[in-house]
Amino acid sequence: MAQKITIAIDGWSSCGKSTLAKDLAKALNYIYVDSGAMYRGVTLFAMRSGWINNDEIDELQLKTALDQIKIAFTLNQSGNPELLLNDENVEDEIRSLEVSQQVSKVAAIKEVRNFLVDQQRRMGQSGGVVMDGRDIGSVVFPNAELKLFVTAEPEVRAKRRYHELKEKGQRVAEQDVIDNINERDHLDANRSESPLIQTEDAVVVDNTNLDREEQLEKAKALANKYISE
Ligand code: DC
């Protein structure tokens with residue numbers, strides 16, 4: 001039996017990490033966990049509760065209510081995970097620009113991170129998992145056998161995210177998408193709690209000039225070095 005390893009994928013906003021993590025998990029028959037979706041779910045809960053106004057978060061209310069938030073994943077017909085917030089499928093809503101504009105602030109709250117990191121560790125405790133996010137290799141799974149740090153030039157990332165939102169039928173201005181990516185990168189890399197870092201043992205995958213297949217092939221070759229028969 002092949003050994004089941006843990007694969008941590010971190011990187012900047014909209015750099016293609018989720019696509020890579022999803023493709024790699026399918027290729028290896030592993031579980032894929034999108035940790036960013038979990039932060040987005042908590043953000044949506046706070047927005048719906050009226051705790052985020054004029055970019056200000058009522059942190060106390062949110063911290064006190066964390067035990068009322070149930071985050072889980074369900075698989076859709078294509079086998080891709082979709083987020084359940086208290087049993088409601090909110091996959092489309094959490095991808096909106098409105099949620100994207102608030103999520104980095106929610107993700108900077110220590111109690112929110114502790115709450116979600118605990119669940120992420122439980123999801124990955126038996127190995128055979130590909131998890132993507134910002135602190136997976138540094139905090140969630142510091143002992144992961146394989147850590148990838150995905151990056152791409154900022155203009156390429158902005159264009160990809162803009163087209164993705166447009167394809168989903170969302171009416172957004174390209175400049176708003178660019179501003180959002182820049183702002184999130186800044187907040188994610190400069191917060192005091194588990195900022196986005198590239199760990200020393202991570203392998204960099206720059207996909208500026210790689211297509212989906214090529215980046216998967218690269219990651220598969222790296223993973224296969226650690227997966228012993
Ligand atoms: O990967 P994403 O863009 O869906 O993530 C949404 C936000 O959540 C991102 O701006 C930073 C935060 N995040 C985080 O702080 N830690 C993670 N492990 C994953 C996401």
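In each ligand, atom 1 is the first atom listed, and ligand 1 is the first ligand listed. For this chain, numbers begin at 1 and follow the sequence in order.
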Checklist entry - Who are the side-chain contact (heavy atoms from CB on, under 4.5 Å) partners of Q119, not counting sequence neighbours? => result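 Here the qualifying residues are M38, I71, F115, L116, R122.
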Checklist entry - What residues, two or more places apart in sequence or in another chain, satisfy side-chain contact (heavy atoms from CB on, under 4.5 Å) together with E155? => result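 E155: side-chain contact (heavy atoms from CB on, under 4.5 Å) contacts with E153.
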Any protein N or O within less than 3.5 Å of an N or O in ligand 1? List each pair with its distance, or say none.
{"residue": "ligand 1", "atom": "1 (O)", "partner": "R134", "partner atom": "NH1", "Å": "2.9"}
{"residue": "ligand 1", "atom": "3 (O)", "partner": "R40", "partner atom": "NH2", "Å": "3.2"}
{"residue": "ligand 1", "atom": "3 (O)", "partner": "R134", "partner atom": "NH2", "Å": "3.2"}
{"residue": "ligand 1", "atom": "3 (O)", "partner": "R184", "partner atom": "NH1", "Å": "2.8"}
{"residue": "ligand 1", "atom": "4 (O)", "partner": "R40", "partner atom": "NE", "Å": "2.7"}
{"residue": "ligand 1", "atom": "4 (O)", "partner": "R40", "partner atom": "NH2", "Å": "3.4"}
{"residue": "ligand 1", "atom": "10 (O)", "partner": "S104", "partner atom": "OG", "Å": "2.9"}
{"residue": "ligand 1", "atom": "10 (O)", "partner": "R184", "partner atom": "NH1", "Å": "3.2"}
{"residue": "ligand 1", "atom": "10 (O)", "partner": "D188", "partner atom": "OD2", "Å": "3.0"}
{"residue": "ligand 1", "atom": "15 (O)", "partner": "R113", "partner atom": "NH1", "Å": "2.8"}
{"residue": "ligand 1", "atom": "15 (O)", "partner": "R113", "partner atom": "NH2", "Å": "3.4"}
{"residue": "ligand 1", "atom": "15 (O)", "partner": "R191", "partner atom": "NH1", "Å": "2.8"}
{"residue": "ligand 1", "atom": "15 (O)", "partner": "R191", "partner atom": "NH2", "Å": "3.0"}
{"residue": "ligand 1", "atom": "16 (N)", "partner": "R113", "partner atom": "NH2", "Å": "3.0"}
{"residue": "ligand 1", "atom": "18 (N)", "partner": "S35", "partner atom": "OG", "Å": "2.9"}
{"residue": "ligand 1", "atom": "18 (N)", "partner": "R134", "partner atom": "N", "Å": "3.2"}
{"residue": "ligand 1", "atom": "18 (N)", "partner": "D135", "partner atom": "OD1", "Å": "2.8"}

Atom pairs and distances, side-chain donor-acceptor, residues 49-56, under 3.5 Å, sequence neighbours left out:
{"residue": "S49", "atom": "OG", "partner": "F45", "partner atom": "O", "Å": "2.7"}
{"residue": "N53", "atom": "ND2", "partner": "G50", "partner atom": "O", "Å": "3.0"}
{"residue": "D55", "atom": "OD1", "partner": "Q102", "partner atom": "NE2", "Å": "3.1"}

Checklist entry - More than 12 non-hydrogen atoms from neighbouring residues, nucleotides or ligands closer than 6.0 Å to CG on D179, yes or no? => result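 Yes, enclosed.
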Item to check | Between Y32 and N80, a side-chain donor and acceptor under 3.5 Å | outcome: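 Absent: no donor and acceptor within the cut-off.
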Item to check | Derivation of the salt bridge (Lys or Arg N to Asp or Glu O under 4.0 Å) call for R95 and D34 | outcome: CA-CA 12 Å; R95 306 290 165 194; D34 174 355; 3.0 Å; yes
